[in-house]
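In listed order, ligands and their atoms are each counted from 1. All values derive from a computational prediction rather than experimental measurement. In this chain, numbering begins with 1 at the start of the sequence shown.
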Amino acid sequence: MMKKLVLTGAAGRLGSYLREPLSKMCQELVSTDIVDDIGKLYEGESYAKADVAVYDQIAPLLEGADMVVHFGAIVDEKPFEELLGPNFVGSYNVWEAAYQHGLQRVVYASSIHAVGMHKKSDFIGIDAPHKPDTFYGLAKCFSEDLASMYWDKRGLEAVCLRILSCAQVNNTRALGSWLSYDDLIQLVTRAIDTPSVGFSVVYGVSNNDRAPVDNAKASFLGYRPKDNAEQFAEKILAEAPPVDLKDPGQMHHGGPFAAVDLGESGVASMNIVNDKKTT
Ligand SMILES: NC(=O)c1ccc[n+]([C@@H]2O[C@H](COP(=O)([O-])OP(=O)(O)OC[C@H]3O[C@@H](n4cnc5c(N)ncnc54)[C@H](O)[C@@H]3O)[C@@H](O)[C@H]2O)c1
Ligand SMILES: O=C(O)[C@H]1O[C@@H](O)[C@H](O)[C@@H](O)[C@@H]1O
């Protein structure tokens, strides 16, 4: 069992599903977010409010930790200036603090939007070049490159989880891009308990018949998703709008993010039901 884990973004939707399983993997889980409170704590869990964009707030929390699971960020497209602190500087702060405190590994919530402008018809693997669809996606590219550099130059391991859509399935794209909460938990668990990972990238997607990406080269991580969005296909396809070949959102991996103007907010909330787990 690990001594100490740190989870950023603990008040968020994905964080809410990760807190309990992470608390069982270590003696001490430090959950952190920018909000005042995250409700009832699990056994071994404590909560600390911190802004990831401020080094002196986030860095002390990592002292004595084995690994940090970094999920805290702004989760939408926004003007660059608004993402700069939380999503760019925040990642730098987490990696630098992890290095300064001698952590073994960062497990990072990257996103399909790091490669969102690849065409949907291309079955991309984990080595597809960065092709961000938004400033939000660009911050994920920056963080993945930071992860790569800290591994190459400083020996700090990282697993970048390029999550597709971890939310309820309510549109055609999600039949391929869905990541169930159970599979999310398995993915993060494998990213933590695989003994040696160096710098790794893996897509966060369930075992969907229509999965648009290829995780074969990340198979050593032992991630074997169990859920399949095909169970929702009949209903979703019956209600689906017609295919529009001119809509960049339908033609690219980034979906609606591929279709918005840079800096235009509101895209992330288009299809998300906030089914956060409560303690
Ligand atoms: N949900 C998905 O489908 C999906 C897909 C790809 C990647 N991701 C990534 O997973 C992570 C979690 O996403 P989510 O869906 O749970 O979103 P969320 O918005 O519910 O959670 C993000 C959390 O980060 C916190 N946060 C924002 N700014 C912060 C700051 N400056 N300092 C500290 N905390 C801050 C927020 O308060 C929030 O609790 C994000 O990094 C997101 O980019 C999510
Ligand atoms: O593309 C997707 O479905 C998801 O991508 C993630 O990066 C975003 O955080 C989330 O809001 C989107 O719904």
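- For Gly64 against Lys3, the heavy-atom pair with the smallest separation is O-NZ, 4.2 Å.
- In terms of N/O distances under 3.5 Å, ligand 1 is not approached by Ala167.
- Salt-bridge annotation for Glu96 and Arg154: present, with a side-chain N of the basic residue lying under 4.0 Å from a carboxylate O of the acidic one.
- Comparing Tyr136, Tyr17, Tyr108, Trp178 by heavy-atom distance to atom 43 (O) of ligand 1, the nearest is Tyr136.
- Nearest heavy atom pair, residue Lys226 against residue Gln186, reads NZ-NE2, 4.1 Å.
- Only the backbone of Ser110 comes within contact range of ligand 1, with a heavy atom under 4.0 Å; no side-chain atom does.
- Both the backbone and the side chain of Cys166 come within contact range of ligand 1, each with a heavy atom under 4.0 Å.
- In summary, of the residues considered (Asn228, Asn207, Asp227), a side-chain hydrogen bond (donor to acceptor under 3.5 Å, both in side chains) with Ser180 occurs for Asp227 alone.
- At least one heavy atom of Leu164 sits closer than 4.0 Å to an atom of ligand 2.
- The shortest N or O to N or O distance between Gly12 and ligand 1 is below 3.5 Å.
- Selection from Gly85, Ala73, Gly9, Pro86 by nearest heavy atom to atom 22 (C) of ligand 1 gives Ala73.
- Contacts between Lys276 and ligand 1 below 4.0 angstrom, taking non-hydrogen atoms only, are absent altogether.
- Atom 13 (O) of ligand 1 has its closest protein heavy atom at Val75 CG2, 3.7 Å.
- The shortest N or O to N or O distance between Asp33 and ligand 1 is below 3.5 Å.
- When heavy-atom distances to ligand 1 are checked against a 4.0 Å cut-off, Leu164 comes that close only through its backbone atoms N, CA, C and O.
- Here Ala50 has backbone heavy atoms under 4.0 Å from ligand 1, and that is the only part of it that gets that close.
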